[in-house]
Asker: 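Quick one: this structure, given as structure tokens, is what I'll be asking you about.
Note that ligands are numbered from 1 as they come in the structure, with each ligand's atoms numbered from 1 the same way. FYI, the numbering just counts along the sequence from 1. These numbers were taken from a predicted model, which means no experiment stands behind them.
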Amino acid sequence: MSDKKMYSLPQLPYAYNALEPFVSEPQLRLHHDKHHAAYVNAANAILERLDKARQAGADVDMKATLKELSFQVGGHVLHSLFWENLAPAAKTGKEPGGALAEALKNEFGSFERFKKEFSAAAASAEGSGWAALARCGLTGRLLIMQIEKHNVNVFPHLRILMVLDVWEHAYYLDYKNERPKFVEAFWNIVNWGEVNRRLESIIKQS
Ligand code: MN3
């Protein structure tokens with residue numbers, strides 16, 4: 001091990017049972033402690049492999065390695081965002097406020113329309129993926145992304161405000177094959193304060 005900084009699994013900002021009944025404790029434990037941890041460990045293993053190869057002057061299959069690294073780091077970053085944009089239902093508030101409320105209305109016409117589009121993006125992501133709400137750095141407008149795996153269809157200049165994990169591992173214990181039910185449940189546990197804070201901080205930097 002070198003002394004270079006590595007990726008680390010963040011602690012959840014709430015208890016494992018705090019998102020019930022929308023996400024159960026066993027589901028959240030599995031998702032955070034096993035799945036998210038696996039992306040962190042795999043990303044670190046790739047960095048160590050690269051370090052070793054560099055020290056030894058050995059060749060690396062750059063194409064395969066970087067493809068894998070993008071997947072694992074993407075998984076780590078998206079999960080970290082996801083935990084923070086969730087909160088216990090009692091603390092979330094029903095609808096966004098602040099700059100976020102205004103930006104959603106400007107872009108989508110109404111909060112309801114945004115919910116409908118975001119839910120459709122989440123429900124229809126092929127295979128394993130994510131729905132994300134993001135702000136375009138070029139126009140300042142909000143866009144919905146449908147991310148495949150952890151890293152496909154990502155726009156480089158979009159700053160992510162909110163994500164929803166729709167990999168089966170995110171909901172299968174609680175909802176089996178019924179992804180739309182999980183998507184519906186998600187709206188009860190969105191941490192609107194955090195999503196708004198992200199948007200306001202991005203606007204301040206721009
Ligand atoms: Mn996941």
Asker: Answer yes or no: is there a side-chain heavy-atom contact under 4.5 Å between Val195 and Pro96?
Answerer: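 Val195 vs Pro96: side chains apart.
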
Asker: Got a salt bridge between Glu184 and Lys181, using NZ or NE/NH1/NH2 to carboxylate O under 4.0 Å?
Answerer: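 Here Glu184 does not pair with Lys181 in a salt bridge, since their nearest N and O are not under 4.0 Å apart.
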
Asker: Using the side chain to side chain contact (heavy atoms under 4.5 Å, CB included) criterion, which residues pair with Glu95? Sequence neighbours excluded.
Answerer: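 Phe111.
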
Asker: Please confirm whether the backbone N or O of Ala99 pairs with a side-chain atom of Asn196, one donor and one acceptor, at under 3.5 Å?
Answerer: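 Indeed, once roles are kept as given, a pair shorter than 3.5 Å links the two residues.
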
Asker: Take the Mn ion (ligand 1) as the centre and count protein N, O or S atoms at distances under 2.8 Å.
Answerer: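 Step by step: take the Mn ion (ligand 1), keep protein N, O, S below 2.8 Å, and you get 4.
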
Asker: Trp167 and His31: aromatic ring centres closer than 6.0 Å?
Answerer: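 For Trp167 and His31, the ring centres are not under 6.0 Å apart.
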
Asker: Would you call Arg197-Glu84 a salt bridge at under 4.0 Å N-O?
Answerer: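 Glu84 and Arg197: not salt-bridged.
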
